[in-house]
Amino acid sequence: MKKTVAIDGPAGAGKSTIAKLVAEKLGYIYIDTGAMYRAVAWKVLDTGAGTTDEAIIRTAEKLHVSLRFVGDNVRVFADDTDVTEKIRTPEVTALVSQVAQLGPVREKMVELQRGMAKDGGVVMDGRDIASNVLPNADVKIFLTASIEERALRRWKEMKAKGYEEPIENLAAEIEARDKADSERAISPLVRVPEATLLDTTGMTIDEVVAKVMELCG
Ligand code: DC
């Protein structure tokens, strides 16, 4: 039977790296829900219509976000623009928590996410997957790591993309986003009691993948 696997956790915990590798091993589809909120944030900045809550909601209402397969890779589209790389800039990262706390934006994205998971065979990562999007997921994992380790991982990721940001700034940005994501009123980041807690501090990618595969049984 094809399962649904929900992976939640704070920023920089390694969710997307792990979820992608696990999906590949299982022959499942990987769904990056954070990328969907990022696509909305990108569109808001691209249209230049301002970043008030009202302007963001209006932009999200008109926007079609989709994840499409191009060869073996999942690409993120905002309408017909491939934004896969564009959504990883510091500007998008700075805006995305505000976008993700808005009820109408979340409702639209959650509906899309549930539709993509309806036949199973998906590994979905985000903040509210086990608690809200897929409460009946077969496997629920809460992935985390120390703030120092998460900041270091983000630093390496950014450096590889040509961004030189002091590590202290990244740690502060991650902490601010964790706070915003955990304290928002609608579908905050929470660990549901039935989720397996996996602290990846000091673990290699291979070790984490092996552990998650074991949990997927
Ligand atoms: O995982 P990420 O950094 O790409 O996520 C971007 C933002 O979107 C993050 O600040 C929290 C938010 N998000 C959310 O609220 N719900 C999700 N299911 C996924 C991400």
Side-chain angles (χ1 to χ4, degrees), residues 4-20 23 30-45 51 53 56-57 59-60 63 65 67 74-76 78 83-117 122-135 137 140-145 147 150-151 153-158 161 163 165 170-192 195 200:
T4 52
V5 182
I7 303 182
D8 292 297
K15 298 184 298 296
S16 58
T17 304
I18 302 305
K20 203 180 294 174
Y30 164 53
I31 300 170
D32 177 354
T33 62
M36 299 171 71
Y37 293 99
R38 284 173 179 271
V40 177
W42 174 82
K43 185 72 182 180
V44 168
L45 294 172
T51 54
D53 289 354
I56 294 171
I57 290 167
T59 301
L63 179 67
V65 174
L67 303 182
V74 180
R75 313 277 310 170
V76 188
V83 294
T84 313
E85 282 81 30
K86 298 183 195 336
I87 59 173
R88 303 289 162 193
T89 62
E91 293 76 18
V92 168
T93 301
L95 181 64
V96 68
S97 280
Q98 186 192 344
V99 168
Q101 60 158 347
L102 299 170
V105 178
R106 298 202 71 83
E107 278 163 32
K108 184 166 172 175
M109 295 303 134
V110 168
E111 199 184 321
L112 285 170
Q113 291 155 12
R114 288 187 180 141
M116 288 189 270
V122 299
V123 180
M124 191 180 280
D125 79 4
R127 304 293 190 286
D128 62 334
I129 310 308
S131 61
N132 175 49
V133 182
L134 306 174
K140 297 182 176 182
I141 295 165
F142 193 90
L143 214 62
T144 189
I147 182 72
R150 292 191 283 132
R153 288 177 190 168
R154 200 36 65 99
W155 181 81
K156 287 183 183 161
E157 197 183 311
M158 302 287 286
K161 288 180 192 152
Y163 295 102
E165 186 83 35
L170 292 176
E173 179 262 311
I174 288 174
E175 276 186 312
R177 212 142 58 88
D178 283 354
K179 188 168 153 59
D181 294 339
S182 308
E183 293 180 358
R184 69 172 175 233
I186 309 168
S187 307
L189 167 68
V190 285
R191 178 190 158 207
V192 294
T200 68

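Just so you know, ligand 1 is whichever comes first in the structure, and atom 1 is the first atom listed for that ligand.
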### Query
Is there a donor in the side chain of Arg153 and an acceptor in the side chain of Thr17, or the other way round, less than 3.5 Å apart?
no

### Student check: side-chain heavy atoms of Lys86 and Val92 closer than 4.5 Å
no

### Query
Side chain or backbone of Arg127 under 4.0 Å from ligand 1, or both, or neither, by non-hydrogen atoms?
both

### Message
Quick check for you: to the nearest 0.5 Å, what is the distance between Tyr37 atom OH and Leu95 atom CG?
### Response
14.0 Å

### Query
In terms of residue, atom name and distance, what is the protein heavy atom nearest to atom 20 (C) of ligand 1?
Gly34 CA, 3.5 Å

### Query
What is the nearest protein non-hydrogen atom to atom 12 (C) of ligand 1, stated with its residue, atom name and distance?
Ala100 CB, 3.6 Å

### Query
Hey, which atoms in ligand 1 end up nearer than 4.0 Å to a heavy atom of Val96?
6 (C), 7 (C), 8 (O), 10 (O)

### Query
Does a donor on one side chain sit under 3.5 Å from an acceptor on the other, for Asp181 and Gln101?
no

### Task
Decide yes or no on side-chain contact (heavy atoms from CB on, under 4.5 Å) for Thr51 and Val44, but give the supporting numbers first.
CA-CA 7 Å; Thr51 54; Val44 168; 4.0 Å; yes

#### Entry: Mode of Arg38 contact toward ligand 1 - side chain, backbone, both, neither (heavy atoms, under 4.0 Å)
side chain

### Query
Is the shortest distance from a Lys or Arg side-chain nitrogen in Lys179 or Glu175 to a carboxylate oxygen in the other one below 4.0 Å?
no

### Message
Polar contacts were defined as any N/O atom of the residue lying under 3.5 Å from an N/O atom of the ligand; does this apply to Arg154 and ligand 1?
### Response
no

### Message
Does ligand 1 come near enough to Asp181 that some N or O of the ligand is less than 3.5 Å from an N or O of the residue?
### Response
yes

### Message
Between ligand 1 and Arg184, can you find any atom pair, the residue atom being a heavy atom, that is separated by under 4.0 Å?
### Response
yes

### Query
Ion pair present between Asp178 and Arg150, side-chain N to carboxylate O less than 4.0 angstrom?
yes

### Task
Could you tell me whether Asp128 and Arg106 have a side-chain N and a carboxylate O separated by less than 4.0 Å?
yes

### Message
Give the atom numbers and elements of ligand 1 that come within less than 4.0 Å of a heavy atom of Gly126.
### Response
17 (C), 18 (N), 19 (C)

### Query
Below 3.5 angstrom, do we get any N/O pair linking Asp125 and ligand 1?
no

### Message
Please work out, at 4.0 Å between heavy atoms, whether the side chain, the backbone, both, or neither of Gln113 comes within that distance of ligand 1.
### Response
neither

### Within-cut-off N or O pair, Arg106 and ligand 1, under 3.5 Å
yes

### Task
For Ser16 and Asp32, test the side chains for any donor-to-acceptor distance below 3.5 angstrom and give the result as yes or no.
no

### Task
Compare every heavy atom of Ala137 with every heavy atom of Thr4, then report the nearest pair and how far apart it is.
OG1-CA, 3.2 Å

### Message
Tell me whether Ser97 reaches ligand 1 (any heavy atom closer than 4.0 angstrom to a ligand atom).
### Response
yes

### Message
Would Met109 count as a contact residue for ligand 1, given that I'm defining contact as a non-hydrogen atom of the residue lying under 4.0 Å from a ligand atom?
### Response
no

### Query
With respect to atom 19 (C) of ligand 1, which of Leu189, Asp32, Thr33 exhibits the smallest heavy-atom separation?
Thr33

